[in-house]
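As structure tokens, the structure follows; a few thoughts come after it.
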Amino acid sequence: MAPRFASVDDYIDSYPEETRTQLAGVRRAIQKVAPHAAEKISYGMATFTVDGKPLIYYAGWKNHVGLYPVPTGGPEFEEAIAPFRRAKDTVRFPVNRPVPLELIAEITRLCLERRTAVSESSDS
């Protein structure tokens, strides 16, 4: 059975130092772009939510830190993210290299834009 965590802090603290450092950087990058987002553990991963709905999940693994779901973007974004994309909506950043925090910020901005677009279209 997977461990259950009371908080995102507990989740991050459960990892070895190298992964913990990467997860903390990812968390800060997301918080800068979405300071209004709440945090919780969902599906065993650290999760940022907006209006009670998941915005972005991030998780630590043995050799990487993953983000989910990652939307598609323009050509420049897709070129920047290509080395990290593992599935249509997943990216993996190796824990033995610095996580590109500006790219994390851009992913978060895209997630927020998508959320806003969906909210506006459902209000129509």
Side-chain angles (χ1 to χ4, degrees):
M1 179 179 257
R4 297 181 67 79
F5 301 97
S7 69
V8 172
D9 288 326
D10 289 345
Y11 176 81
I12 291 173
D13 288 344
S14 74
Y15 285 90
E17 183 177 354
E18 189 173 48
T19 305
R20 209 172 38 242
T21 299
Q22 300 291 33
L23 288 169
V26 168
R27 184 186 198 187
R28 283 191 305 274
I30 295 169
Q31 285 173 324
K32 276 184 164 180
V33 176
H36 59 291
E39 291 182 281
K40 69 178 191 174
I41 299 296
S42 181
Y43 296 107
M45 296 181 278
T47 308
F48 278 92
T49 64
V50 174
D51 298 328
K53 297 178 184 168
L55 176 69
I56 193 163
Y57 299 84
Y58 63 104
W61 302 95
K62 183 177 180 179
N63 297 311
H64 69 274
V65 170
L67 266 77
Y68 326 89
V70 176
T72 55
E76 285 183 30
F77 173 77
E78 289 303 318
E79 184 177 331
I81 206 163
F84 309 107
R85 205 176 273 280
R86 292 297 173 263
K88 183 178 125 182
D89 61 354
T90 300
V91 293
R92 292 181 184 173
F93 300 103
V95 294
N96 63 354
R97 290 189 283 168
V99 172
L101 299 179
E102 186 50 45
L103 192 52
I104 303 292
E106 184 61 24
I107 290 167
T108 306
R109 280 190 279 279
L110 283 171
C111 288
L112 284 169
E113 286 173 14
R114 298 292 192 281
R115 173 62 59 81
T116 301
V118 168
S119 292
E120 288 173 358
S121 69
S122 66
D123 290 343
S124 302

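In this structure, the side chains of Trp61 and Thr19 stay at 4.5 Å or more apart for every pair of heavy atoms. Val70 has its side chain within reach of Phe77: a pair of non-hydrogen atoms, C-beta onward, lies under 4.5 Å apart. No side-chain heavy atom of Val95 sits less than 4.5 Å from a side-chain heavy atom of Tyr15. Tyr43 places none of its side-chain heavy atoms less than 4.5 Å from the side chain of Pro54. A 4.5 Å side-chain heavy-atom check between Glu39 and Ile30 finds every atom pair outside the cut-off. Using a 4.5 Å cut-off on side-chain heavy atoms (C-beta onward), Ile41 and Val8 make contact.
Note on Tyr68 and Ile12: separate hydrophobic clusters, where clusters join Ile, Leu, Val, Met, Phe, Trp and Tyr whose side-chain heavy atoms are under 4.5 Å apart, directly or indirectly. Linking Ile, Leu, Val, Met, Phe, Trp and Tyr residues whenever their side-chain heavy atoms come within less than 4.5 Å leaves Ile104 and Met45 in two separate clusters.
Residues Pro71 and Cys111 approach most closely at CD-SG, 3.7 Å, considering heavy atoms. Scanning both residues, Leu110 and Gly73, for their nearest heavy atoms gives CD1-CA, 4.2 Å. In terms of heavy atoms, Leu23 sits closest to Gly60 at CD2-N, 3.8 Å. Leu103 approaches Ala80 most closely through the heavy-atom pair CD2-O, 3.8 Å.
Panel note: side chain Arg92, backbone Arg86; no donor-acceptor pair is recorded below 3.5 Å. The closest donor-acceptor contact from the side chain of Ser7 to the backbone of Asp10 lies under 3.5 Å. Between the side chain of Gln22 and the backbone N or O of Arg97 there is at least one donor-acceptor pair closer than 3.5 Å. Arg114 places no side-chain N or O within 3.5 Å of a backbone atom of Leu55 that could act as its donor or acceptor partner.
Remark: Tyr57 pairs with no residue by the ring-ring contact (aromatic ring centres under 6.0 Å, His included) rule, at least two apart or across chains. Considering only residues two or more places apart in sequence or on other chains, Asp89 meets the salt bridge (Lys or Arg N to Asp or Glu O under 4.0 Å) condition with none of them.
Using cut-offs of 30° and 60° for the angle between ring planes, the Tyr11 and Phe5 rings count as perpendicular.
Atoms CD1 and CZ, on Ile107 and Phe84 in that order, are 9.0 Å from each other to the nearest 0.5 Å. Between the OG1 atom in Thr72 and the CZ atom in Arg85 there is a gap of 7.0 Å [rounded to 0.5 Å]. One finds the CG atom of Leu67 at 6.0 Å from the CZ atom of Phe93 (value rounded to the nearest 0.5 Å). Put simply, NE2 on His36 and OG1 on Thr49 are 9.5 Å apart, with the number rounded to the nearest 0.5 Å. With values rounded to the nearest 0.5 angstrom, Ile81 atom CD1 is found 9.0 Å from Glu106 atom CD. In this structure, CG in Leu101 is found 14.5 Å from CZ in Arg27, a value given to the nearest 0.5 Å.
With respect to Glu102 and Arg109, a salt bridge is recorded, a charged nitrogen being found less than 4.0 Å from a carboxylate O.
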